[in-house]
Amino acid sequence: MTAPRPPRWHRLLLTGAAGALGRVLRPRLAAHCSVLRLSDIAPLGSAAPGEELRPAALEDKAATTALLEGVDAALHFGGISTEQPFEAVLPANVLGTFHVYEGARLHGVRRVVFASSNHVTGFHERSRTVGPLDPPRPDGYYGISKACGESLAQFYFDRWGIETVSLRIGSCFAEPRDRRMLATWLSHDDLGRLVLAALAAPAVGHTVVYGVGANRDTWWDDAAARRIGFVPREGSERFRAAVEAREPPEDPSSAAAQRQGGGFVALGPF
Ligand code: NAI
Ligand code: 15L
């Protein structure tokens, strides 16, 4: 019998741990660290062996910077995850991400994995393939906040040498929920693999990658994801027949159908 591999990290921090993706990552990270520190403003349940529960509001600077103490690397998944008025998005996503980086600087944390979003570039047309070097074209206040998060990541690398992989996640759900998601879907298991690759890849500086599965159609250049060692294993094709039977075709004249961000491009004003 082979002995189990020792965990690679001592303590990892996961913000947004009570959220949909936090709940996906929580069990998948357990084997890779001795201590998993979980934070959120929403209830976190009870601590399993090896878990530390640290409730905190991201806009609370003292509480959030303190989360980074004694941490090897941080997975920043907390914040507003949908399009909302800027006044709601700003404190959680922009101030909150600043507080995470300040905590990393103060406590000497060298690696952050930042849950960015495809909505940083959501106003690009679907007819073109977009990569990390293309200009951001956020499709709303949420996308703007994620672009700010990526700027913070770049700045904290250039100024302080804190490395980040910014994951422009597509649509990470158990299954694609609509026709657009046939192109943007990322499975939960692939997310787990992507996050582990982002934690372990050497010398990433600030690297931006799209987090998308092995889907038939894609709008995103995946070369950077391959460079950090991530190759998706699952694609959306097995869901296509059911999605197309259930969901009416998109109106091709609508902005939502023409732009990569889908419905986000037409939300508001709030
Ligand atoms: P979610 O909304 O289910 O989880 C976000 C968590 O952040 C929640 O548990 C919430 O309580 C917490 N949170 C919100 N405001 C907070 C605050 N002010 N202080 C502390 N915690 C706060 O979202 P989900 O789907 O789990 O997404 C996780 C991250 O990944 C988010 O940053 C989201 O923007 C990003 N993402 C998710 C995608 C997806 O397909 N699920 C796609 C692209 C990006
Ligand atoms: C996101 O950034 C959201 O957090 C998620 O809820 C989905 O809307 C996803 O993008 C998407 O583009 O499908």
Side-chain angles (χ1 to χ4, degrees), residues 13-26 38-45 53-61 63-65 67 74-84 87-100 103 112-124 126 138-150 153 165-188 190-192 194-195 198 208-213 215 218-220 236 243 256 259-265 267:
L13 167 67
L14 175 62
T15 70
L21 300 190
R23 282 178 276 123
V24 165
L25 292 173
R26 187 171 173 172
L38 303 162
S39 187
D40 206 298
I41 36 167
L44 288 157
L53 307 187
R54 296 279 293 270
L58 287 161
E59 47 274 67
D60 179 336
K61 186 173 188 179
T64 299
T65 55
L67 292 176
L75 299 129
H76 180 36
F77 277 67
I80 303 293
S81 62
T82 54
E83 179 62 352
Q84 293 190 26
E87 293 85 346
V89 170
L90 195 61
N93 289 14
V94 179
L95 256 190
T97 302
F98 164 63
H99 295 157
V100 168
V112 176
V113 177
F114 171 52
S116 183
S117 171
N118 72 88
H119 293 285
V120 168
T121 50
F123 247 115
H124 282 284
R126 293 187 187 184
D139 56 27
Y141 302 115
Y142 166 70
I144 291 168
S145 76
K146 293 295 185 178
C148 287
E150 291 184 8
V165 180
S166 289
L167 307 176
R168 287 184 184 164
I169 301 167
S171 306
C172 189
F173 297 97
E175 297 183 5
R177 295 179 169 181
D178 55 30
R179 288 181 183 236
R180 170 181 169 273
M181 288 192 194
L182 292 170
T184 59
W185 186 66
L186 177 72
S187 76
H188 287 164
D190 274 337
L191 175 73
L194 175 60
V195 162
V208 175
V209 310
Y210 283 84
V212 65
N215 304 329
T218 183
W219 307 317
W220 302 320
S236 62
V243 171
R259 307 290 168 148
Q260 297 184 358
F264 276 56
V265 307
L267 295 174

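In each ligand, atom 1 is the first atom listed, and ligand 1 is the first ligand listed.
Atoms of ligand 1 found under 4.0 Å from any heavy atom of Ala42, numbered from 1 in the order shown, are 11 (O). For ligand 2, the atoms sitting less than 4.0 Å from at least one non-hydrogen atom of Met181 are 13 (O), numbered in the order shown with element in parentheses. The Ala56 neighbourhood of ligand 1 comprises atoms 19 (N), 20 (C), with distances under 4.0 Å to a heavy atom of that residue. Per-residue contacts place Gly19 under 4.0 angstrom from the following atoms of ligand 1 (heavy atoms of the residue considered): 3 (O), 4 (O), 8 (C), 9 (O), 26 (O).
Residue Leu21 has at least one nitrogen or oxygen atom sitting less than 3.5 Å from a nitrogen or oxygen atom of ligand 1, judged on distance alone. The shortest N or O to N or O distance between Ser81 and ligand 1 is below 3.5 Å. Considering both main-chain and side-chain atoms, Ile169 never comes within under 3.5 Å of ligand 1 through any nitrogen or oxygen pair. At least one N or O atom of Arg180 sits closer than 3.5 Å to an N or O atom of ligand 2. Ligand 1 has no N or O atom lying under 3.5 Å from any N or O atom of Ala92, backbone or side chain. Not a single N or O atom of Ser117, backbone or side chain, sits closer than 3.5 Å to an N or O atom of ligand 1.
At a 4.0 Å heavy-atom cut-off, ligand 2 does not touch Thr184 at all. Using a 4.0 Å cut-off between heavy atoms, Trp185 makes no contact with ligand 2 at all. At a 4.0 Å heavy-atom cut-off, ligand 2 touches His119 through the side chain alone.
The shortest distance between side-chain heavy atoms of Glu150 and Phe114 falls below 4.5 Å. In this structure, Trp219 and His124 have side chains that are not in contact, with every pair of non-hydrogen atoms separated by 4.5 Å or more.
The aromatic rings of Phe264 and Tyr142 sit tilted, their planes meeting at an angle between 30° and 60°.
Around atom 22 (C) of ligand 1, the closest heavy atom drawn from Val89, Asn118, Ile41 belongs to Ile41. Between Ala17, Gly78, Gly79, it is Gly79 that holds the heavy atom closest to atom 5 (C) of ligand 1. Distances from atom 34 (O) of ligand 1 to the heavy atoms of Trp185, Tyr142, Phe173 show the closest one on Tyr142.
Ligand 2 is approached by Gly170 to a heavy-atom distance shorter than 4.0 Å. Not close to ligand 2: Arg177, with no non-hydrogen atom less than 4.0 angstrom away.
Here the CZ-CZ distance, from Arg180 to Arg126, works out to 6.5 Å after rounding to the nearest 0.5 Å.
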